[in-house]
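Hydrogens, waters and symmetry mates are skipped; everything else that's a heavy atom, side chains included, is used. Model, not experiment: these values are computed from the prediction.
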Amino acid sequence: MKVSELKEKKVIHRPTQNFDVDGKRVYNVFEYDLPFKTDYEDNERERILAKIIDAVPVLLIALLLLDQSPFLAVILSLPAVIIVGSISESFFGTTLGKKIFKIKVIDDNGNNPHILRSIGRNILCLAVFSMLLSDFIPPLNEILGIKHKEANFTMHMNNILCKTHIVKESKLREIKMLLNQSNKQII
C-alpha cells in the first residue's frame, strides 16, 4: 500500500429530530473512510521559509567568500540549493530549513525520495517561486483558466507531480505504522 492510498476512519454523529425515553436527542452515526491527510495547516508558509533558510548559507558563500555581485550570487545559489537540497532530502528526508520546521519529505512508499525525484521536486519548487515572486506575470492557473484546487500552481504542485508528501516529523511514525499494518493485511 502507498501513502496516497491510506484511509482514515471518521465517525460523525448527526442529530435527528427524535428524542429517546430520557429526553436525550437521538443521533445518527455515519462512518467514513477518508483519505489520510499527510499535509497540515500553514505548511506552504513553512515550506517557503524553509527554502529561504536553505538558500541563505549558499547565498552568503557566494557573496562573501566568492565576492560576487548580489545578482550573480542569487543566480549561482539557485543550482547549488537544488543540488544540496536534493541530496539532503534523499539521504535524510529533510534539509536545514525543513529540519528547523520539523518537516520531512517522503515518497509514496513512506521512504526518503530518490535523488532524481528530489531533483524534480526542487526544480518544480523554483517554478513555484517564480510565480510567487512575480508581480507582472499572473499565476499559471489564471493563465490557463484552471479552477480546480489540485491544479493551482502552489507549493503543493511539486509534490503532486513527483508523488511525494510533506509531513511533520511527529506524524511520520503514524504513517509508517499505518503502512506496515496495511501491508500485513495484504499478505
Side-chain angles (χ1 to χ4, degrees), residues 1-16 26-51 53-54 82 85-86 88-95 97-132 139-187:
M1 179 161 277
K2 300 189 179 294
V3 174
S4 59
E5 298 170 348
L6 289 176
K7 299 290 183 191
E8 193 172 25
K9 283 204 182 296
K10 293 285 184 180
V11 177
I12 297 173
H13 301 272
R14 293 208 175 141
T16 65
V26 175
Y27 289 85
N28 286 334
V29 178
F30 298 94
E31 197 170 300
Y32 297 97
D33 283 333
L34 300 175
F36 186 81
K37 189 173 176 167
T38 57
D39 62 348
Y40 58 94
E41 192 172 321
D42 209 24
N43 77 9
E44 191 160 335
R45 182 184 65 81
E46 286 183 359
R47 291 177 61 201
I48 291 170
L49 291 173
K51 191 59 81 175
I53 290 169
D54 292 341
I82 289 173
S86 298
S88 180
E89 286 176 358
S90 292
F91 283 103
F92 308 112
T94 191
T95 62
K98 288 181 183 78
K99 188 68 176 168
I100 290 170
F101 291 104
K102 297 182 174 145
I103 302 171
K104 294 274 254 181
V105 179
I106 58 172
D107 64 10
D108 214 18
N109 295 316
N111 304 316
N112 296 342
H114 293 288
I115 188 77
L116 292 177
R117 183 165 293 191
S118 188
I119 288 171
R121 284 185 76 261
N122 285 291
I123 289 172
L124 286 170
C125 187
L126 278 181
V128 169
F129 265 112
S130 70
M131 293 296 186
L132 289 174
L140 187 61
N141 56 320
E142 287 181 20
I143 293 170
L144 299 176
I146 299 171
K147 301 283 186 204
H148 192 271
K149 181 183 177 200
E150 291 290 320
N152 286 345
F153 208 74
T154 66
M155 289 293 284
H156 304 289
M157 187 58 77
N158 60 349
N159 287 321
I160 292 168
L161 293 174
C162 294
K163 294 182 172 65
T164 56
H165 304 273
I166 296 293
V167 297
K168 281 291 196 180
E169 288 178 355
S170 59
K171 197 148 185 153
L172 190 60
R173 174 182 268 173
E174 180 183 0
I175 291 170
K176 297 263 187 188
M177 186 182 70
L178 287 171
L179 285 172
N180 286 337
Q181 284 177 352
S182 62
N183 288 335
K184 285 180 184 176
Q185 289 175 353
I186 292 172
I187 296 173

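- Looking at Lys171 and Phe36, their side chains come closer than 4.5 Å, going by heavy atoms from C-beta outward.
- Heavy atoms of other residues, nucleotides or ligands lying less than 6.0 angstrom from NZ of Lys102 number 12 at most.
- Contact annotation: the side chain of Thr95 never approaches that of Lys51 to less than 4.5 Å [non-hydrogen atoms, C-beta and beyond].
- Put simply, the side chain of Thr16 gets close to the backbone of Val26: a donor and an acceptor are under 3.5 Å apart.
- When all heavy atoms of His13 and Val29 are compared, the pair lying nearest together is ND1-CG2, 3.4 Å.
- No hydrogens or angles considered: nothing links the side chains of Lys168 and Asn43 as a donor-acceptor pair under 3.5 Å.
- The local environment of OH in Tyr40 is crowded, with over 12 non-hydrogen atoms from other residues, nucleotides or ligands closer than 6.0 Å.
- Between Leu124 and Cys162 there is a side-chain heavy-atom pair separated by less than 4.5 Å.
- Closest heavy-atom contact between Ser86 and Asn122: OG-ND2, 3.1 Å.
- Using a 4.5 Å heavy-atom threshold, the side chains of Leu178 and Gln181 count as touching.
- Put simply, the side chain of Asp33 reaches to within 4.5 Å of the side chain of Lys9, judged on heavy atoms.
- Checked by atom type and distance alone, the side chain of Asn109 never pairs as donor or acceptor with a backbone atom of Asn111 at under 3.5 Å.
- Residues Asn158 and Arg47 are in side-chain contact: their nearest non-hydrogen atoms beyond the backbone lie under 4.5 Å apart.
- Side chains of Asp108 and Thr164 form no contact here, defined as non-hydrogen atoms less than 4.5 Å apart.
- Lys176 places a side-chain N or O within 3.5 Å of a backbone atom of Gly110 that can act as its donor or acceptor partner.
- Rounded to the nearest 0.5 Å, atoms CG (Leu179) and CG (Leu6) are 5.0 Å apart.
- Only one option out of Arg117, Arg121, Lys99 pairs with Glu89 in a salt bridge (charged side-chain N to carboxylate O under 4.0 Å, His left out); it is Arg121.
- Side-chain polar atoms of Ser90 and Asn112 form no donor-acceptor pair below 3.5 angstrom.
- Side-chain atoms of Thr94 never come within 3.5 Å of backbone atoms of Lys104 as a donor-acceptor pair (strictly under, hydrogens ignored).
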